[in-house]
2 protein chains.
Amino acid sequence: MKATAQILKEKGLKVTPQRIAVYNMLLNTTEHPNAETIYKALEPTNPTMSLATVYKTLDYFKQLGLVQELNVGEGSSRYDAVVKCHPHTVCTQCGKVQDLYLEELTEIHKKVAEELDFEVRCEQLILYGTCGECRRKNEQDSGEEA
Amino acid sequence: MKATAQILKEKGLKVTPQRIAVYNMLLNTTEHPNAETIYKALEPTNPTMSLATVYKTLDYFKQLGLVQELNVGEGSSRYDAVVKCHPHTVCTQCGKVQDLYLEELTEIHKKVAEELDFEVRCEQLILYGTCGECRRKNEQDSGEEA
DNA sequence: TATTAAATAAAAATAATTATCAATTAGGGG
DNA sequence: CCCCTAATTGATAATTATTTTTATTTAATA
């Protein structure tokens, strides 16, 4: 695994502890956190870091293709260190966002480029619904009521 | 075509000129406007209407399934009177949002429900790229430069 | 038509994000 | 290794989109 400092340098970014912290945090989670969550998560280890720096850092990363911005319809954007376009599921009950891999999309991708006058660069598929965990919880709750 | 007043009444909404105006505006456009745009568009005919009313009206409509909220990653949400889930293309150059119909999605829908522990209620597919118009404009511009 | 609960307009509040700017720091040249 | 300079940071103000509040008005029904 390439060191984070190395990756940043290759992208032409000045290497700072804040940038390393943000990027590492994103690499080590599957949670798709938003700026606020990232900020909170880094607070213990980087107590002087400001939220504005998190935003600015994420913006740079996004521009350089180090992270992907994800908007699932909440107030705030989430971020993903997996840059390659991939679909997500969003549980509308607990808010959990999960990755998903579907080859079928490249087909659609191609079809749209051919049949419509539109050159697709990247697609974003969000599947809204209820995750297994929440479904089971719901069943249990309704069971208790009855 | 059912009258807007009738539709609102069936949904249990009190019929007001503001609500009729917003809903009709959305029915008569393919532009996927945001709240601000709707507000501006209605200003000439409804000069007393406030932006907050547009927001609240859109919120009611959304809850009742009269409109669909669409977040393509801009600052603000867009609205679509076509409620059935359907994909959209977003031109990242001119910002135009267009509807798209793809049957392939129901397959994916089903596959995810079966293979993963996730019950899909609604999916949102956004294809980012460049529309034909912008592509042609780009070619022309680079031609002039050379 | 009078009543009443709901809807409206205007303004204030809030949440997320961006801009500002002085102080600090990274990274190269000496 | 130290200095220099431009980039970055942190604190906070400003902005943007949206929501809430409140006093007033209005639609629907008795």
Side-chain angles (χ1 to χ4, degrees), chain A residues 3-23 25 32-64 66-67 69-79 95 97, chain B residues 3-23 25 32-64 66-79 95:
Chain A
T4 300
Q6 184 61 28
I7 295 171
L8 299 182
K9 203 175 286 176
E10 278 170 15
K11 288 287 182 181
L13 283 175
K14 208 170 258 195
V15 179
T16 70
Q18 293 86 344
R19 286 174 181 176
I20 292 176
V22 171
Y23 192 59
M25 192 270 169
H32 308 79
N34 60 17
E36 183 76 30
T37 307
I38 295 170
Y39 173 64
K40 291 262 177 63
L42 297 179
E43 205 153 37
T45 46
N46 301 57
T48 75
M49 178 151 50
S50 98
L51 183 56
T53 301
V54 175
Y55 275 108
K56 243 177 301 181
T57 301
L58 289 171
D59 197 48
Y60 280 123
F61 287 1
K62 189 175 57 177
Q63 312 266 327
L64 295 168
L66 283 174
V67 304
E69 191 176 6
L70 186 62
N71 199 317
V72 302
E74 300 160 319
S76 56
S77 292
R78 288 165 172 265
Y79 294 86
V97 176
Chain B
T4 299
Q6 183 61 26
I7 294 170
L8 298 183
K9 200 174 288 175
E10 278 171 13
K11 288 286 180 180
L13 283 177
K14 203 170 264 195
V15 178
T16 70
Q18 293 86 342
R19 287 175 181 177
I20 292 176
V22 171
Y23 192 60
M25 193 268 170
H32 306 81
N34 60 18
E36 183 77 30
T37 307
I38 295 170
Y39 174 63
K40 290 263 177 63
L42 297 180
E43 204 154 37
T45 46
N46 302 57
T48 75
M49 177 148 52
S50 94
L51 183 55
T53 301
V54 175
Y55 274 110
K56 212 176 309 170
T57 301
L58 288 171
D59 198 48
Y60 279 124
F61 286 1
K62 190 175 57 177
Q63 312 265 327
L64 294 168
L66 282 174
V67 304
Q68 187 185 169
E69 192 176 8
L70 186 61
N71 200 318
V72 302
E74 301 160 318
S76 57
S77 293
R78 287 166 172 266
Y79 294 86

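All chains are named by letter (A, B, ...) in the order of the sequence lines, taking the proteins before the strands, and each is independently numbered beginning at 1. Keep in mind the model is a prediction, meaning the values are calculated, not measured.
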Euclidean distance, atom CD of residue A:Q63 to atom P of C:dT18 [Å, nearest integer]: 10 Å
Whole-Å distance separating the NZ atom of B:K14 from the P atom of C:dT4: 13 Å
Distance-only side-chain donor-acceptor flag, A:Q18 / A:T53, under 3.5 Å: no
NZ/NE/NH1/NH2 to OD/OE distance under 4.0 Å, B:D59 and B:K62: yes
A:L8 CG - C:dG27 C1' separation (whole Å): 14 Å
5' priority, DNA chain D, between B:K62 and B:T16 [closest heavy atom]: B:K62
Chi angles and distances behind the side-chain contact (heavy atoms from CB on, under 4.5 Å) call for B:I20, B:T16: CA-CA 6 Å; B:I20 292 176; B:T16 70; over 6 Å; no
Value in whole Å for how far the P atom of C:dA11 lies from CE of B:M49: 17 Å
Proximity to DNA chain C (any heavy atom under 4.0 Å), residues of residues 33-42 of chain A only: none
Test item: A:R78 side-chain N/O and A:H32 main-chain N/O as donor-acceptor pair under 3.5 Å: yes
B:I20 CD1 - C:dA7 P separation (whole Å): 14 Å
Flag, side chain of B:N46 to backbone of B:T48, donor-acceptor distance under 3.5 Å: no
Minimum-distance nucleotide (side-chain atoms of A:V15 versus C:dT18, C:dA9, C:dG27): C:dG27
d(CD, A:Q18; P, C:dT24) in whole Å: 14 Å
Within-4.5 Å side-chain heavy-atom neighbours: B:V72 and A:N71: no
Residue pair A:Y23, A:I7: steps toward the side-chain contact (heavy atoms from CB on, under 4.5 Å) verdict: CA-CA 10 Å; A:Y23 192 59; A:I7 295 171; 4.0 Å; yes
5' priority, DNA chain D, between A:L51 and B:L51 [closest heavy atom]: A:L51
Expected output: side-chain B:R19 to main-chain B:T57 donor-acceptor under 3.5 Å: no
Shortest non-hydrogen contact from A:M49 toward A:Y39: O-CE1, 3.1 Å
Nucleotide C:dA9, atom C1' - distance to CZ of B:R19 in whole Å: 14 Å
Contact boundaries on DNA chain D for chain B, cut-off under 4.0 Å to non-hydrogen atoms: D:dA17 to D:dA28
Integer-rounded Å distance: C:dA15 P and A:R78 CZ: 18 Å
